[in-house]
Amino acid sequence: RLPRNRAHGGNPPSAGNPTAAAGRRASLRRMPPAIHDLDFRRASENELRTAYAIRLACHTEAAPDEPPVGYPDWLALNRISPAHVRSWHWIADGGYARLVRIEDSPSGIVEICVAASARRRGVGRALLDRIRAQARAVGCDTLMGWFGLPAGAEFTRAVGGRIGNSRHVQVLTMPARLARSAAPAGYALRSWIGAAPDDLMDSYALALNAINDAPLSAGEPEYAWTP
């Protein structure tokens, strides 16, 4: 924040001229960031790569050891979604945001990324305002997201959010040196690349639901895996 007597490089306004004083104080206020809708099917390559670069920079800063989603996969994930998943995206100068709603859940999943050089300028709040408006329009009464930096915790508290459970990600760097072991009796070891084989869909969904027992934060919806 600039000292009042340094605004525009001039002297402080005269106490006898309240109109001039109000005008100069108003000039110190930042203009609200411009927020634009981002349609993944219609946006330009430059807009999409700009949004991805912001997201990648935030991911690298928060989780440097966790491999990021590549640009082609990120595009595909946001352009082709299951029928029960809806998403909305926005972009600003130095910021990107996404809202995801699964089926008719009252909770929306939020992602807000602000480049380090654009923080504390109202970009995150402006993006959150757009998210809130869209969430209300589609019937969401709760917004949930994740953060990996102290700045994210500060932003969460500043906008009235509550911090819930923590998530720890374990990363195995390949090639890994693992001791070979045989599958237990009654089990077979299978591997694949791409979609799960049809003959494994039922058992794969059963296995995923068996380990889907992590405690949930208040308001977090519970999902079940299906074949």
Side-chain angles (χ1 to χ4, degrees), residues 33-41 43-82 85-102 107-132 134-135 140 142-159 161-176 193-194 208 212 214 216-217 220-221 223:
I35 309 298
H36 305 284
D37 295 339
L38 184 66
D39 186 333
F40 271 71
R41 296 182 181 275
S44 68
E45 181 73 8
N46 181 62
E47 289 176 317
L48 293 172
R49 287 196 175 275
T50 297
Y52 177 77
I54 294 170
R55 188 179 187 275
L56 177 62
C58 292
H59 171 90
T60 303
E61 183 183 4
D65 296 325
E66 184 178 346
V69 175
Y71 179 69
D73 291 338
W74 181 70
L75 284 183
L77 289 169
N78 287 289
R79 282 176 171 168
I80 305 172
S81 299
V85 177
R86 297 185 64 192
S87 62
W88 300 265
H89 307 258
W90 298 270
I91 191 171
D93 184 11
Y96 162 76
R98 177 178 67 155
L99 169 65
V100 176
R101 189 188 190 198
I102 300 176
S107 299
I109 301 172
V110 173
E111 180 181 17
I112 299 177
C113 302
V114 179
S117 60
R119 292 172 190 164
R120 299 192 180 279
R121 298 181 181 179
V123 176
R125 285 179 179 269
L127 289 167
L128 180 59
D129 287 344
R130 294 294 291 271
I131 289 174
R132 281 172 167 165
Q134 183 64 49
C140 293
T142 303
L143 296 176
M144 306 193 68
W146 295 265
F147 61 82
L149 294 170
E154 294 175 8
F155 179 78
T156 299
R157 296 188 183 97
V159 299
R162 298 190 304 272
I163 297 178
N165 296 332
S166 298
R167 183 179 70 168
H168 295 268
V169 178
Q170 295 177 322
V171 178
L172 177 63
T173 302
M174 303 298 288
I193 296 176
L208 289 174
N212 189 25
L216 302 176
S217 299
E220 186 175 359
Y223 301 108

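- Annotation: Leu172, atom CG; neighbour count of heavy atoms from other residues, nucleotides and ligands within 6.0 Å is above 12.
- To the nearest 0.5 Å, atom CD1 of residue Ile91 and atom CD1 of residue Ile35 are 9.5 Å apart.
- Side-chain contact annotation: Ser87 with His89, donor-acceptor N/O pair under 3.5 Å present.
- Arg119 and Glu61 are joined by a salt bridge, as a carboxylate oxygen and a charged side-chain nitrogen come within less than 4.0 angstrom of each other.
- Shown here for Ala92 and Val123, the closest heavy-atom pair between the two residues is CB-CG1, 4.2 Å.
- Interatomic distance, Gln134 CD to Arg101 CZ, rounded to the nearest 0.5 Å: 10.0 Å.
- Minimum heavy-atom separation, His36 to Ala34: NE2-CB, 3.9 Å.
- When atom types are taken as modelled, the side chain of Arg41 and the backbone of Arg79 share a donor-acceptor pair closer than 3.5 angstrom.
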### Task
Could you walk me through whether Ile102 and Ile109 pass the side chain to side chain contact (heavy atoms under 4.5 Å, CB included) test, one step at a time?
CA-CA 9 Å; Ile102 300 176; Ile109 301 172; 4.2 Å; yes

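- The distance from atom CD1 of Ile112 to atom CZ of Arg130, rounded to the nearest 0.5 Å, is 12.5 Å.
- Of all non-hydrogen atoms in Leu38 and Leu48, the two that sit nearest each other are CD1-CD2, 4.4 Å.
- Note that the CG atom of Leu99 and the CZ atom of Arg132 stand 12.5 Å from one another [nearest 0.5 Å].
- Smallest separation of non-hydrogen atoms from Ile131 and Ala97: CD1-CB, 3.8 Å.
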### Task
Check step by step if side chain to side chain contact (heavy atoms under 4.5 Å, CB included) holds for Asn165 and Arg167.
CA-CA 7 Å; Asn165 296 332; Arg167 183 179 70 168; over 6 Å; no

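- Within the structure, the salt bridge (Lys or Arg N to Asp or Glu O under 4.0 Å) test picks out the following pairs touching residues 107-116 (sequence neighbours left out): Arg55-Glu111, Arg98-Glu111.
- When the options Tyr96, Trp74, Tyr52 are evaluated for a ring-ring contact (aromatic ring centres under 6.0 Å, His included) with Phe40, the one that passes is Trp74.
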### Message
Determine whether Arg157 and Ile163 satisfy the following criterion, side chain to side chain contact (heavy atoms under 4.5 Å, CB included), listing intermediate values before the conclusion.
### Response
CA-CA 8 Å; Arg157 296 188 183 97; Ile163 297 178; 3.5 Å; yes

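- Counting heavy atoms of neighbouring residues, nucleotides and ligands inside a 6.0 Å radius, atom CG of Asn212 exceeds 12 of them.
- Within the 4.5 Å cutoff, no side-chain heavy atoms of Val114 are placed close to those of Phe155.
- Residues meeting the ring pair (Phe, Tyr, Trp, His ring centres under 6.0 Å) test with Trp90, sequence neighbours left out: none.
- Within the model, atoms CD of Gln170 and CD of Glu66 stand 11.5 Å from one another, a figure rounded to the nearest 0.5 Å.
- Using a distance-only test at 3.5 Å, with no hydrogens or angles considered, no donor-acceptor pair links the side chain of His59 to the main chain of Val69.
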### Query
Where do Val100 and Val85 land on the side chain to side chain contact (heavy atoms under 4.5 Å, CB included) test, with the steps shown first?
CA-CA 7 Å; Val100 176; Val85 177; 3.8 Å; yes

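- Taking all atoms of both residues into account, the shortest heavy-atom contact from Cys113 to Cys58 is CB-SG, 3.7 Å.
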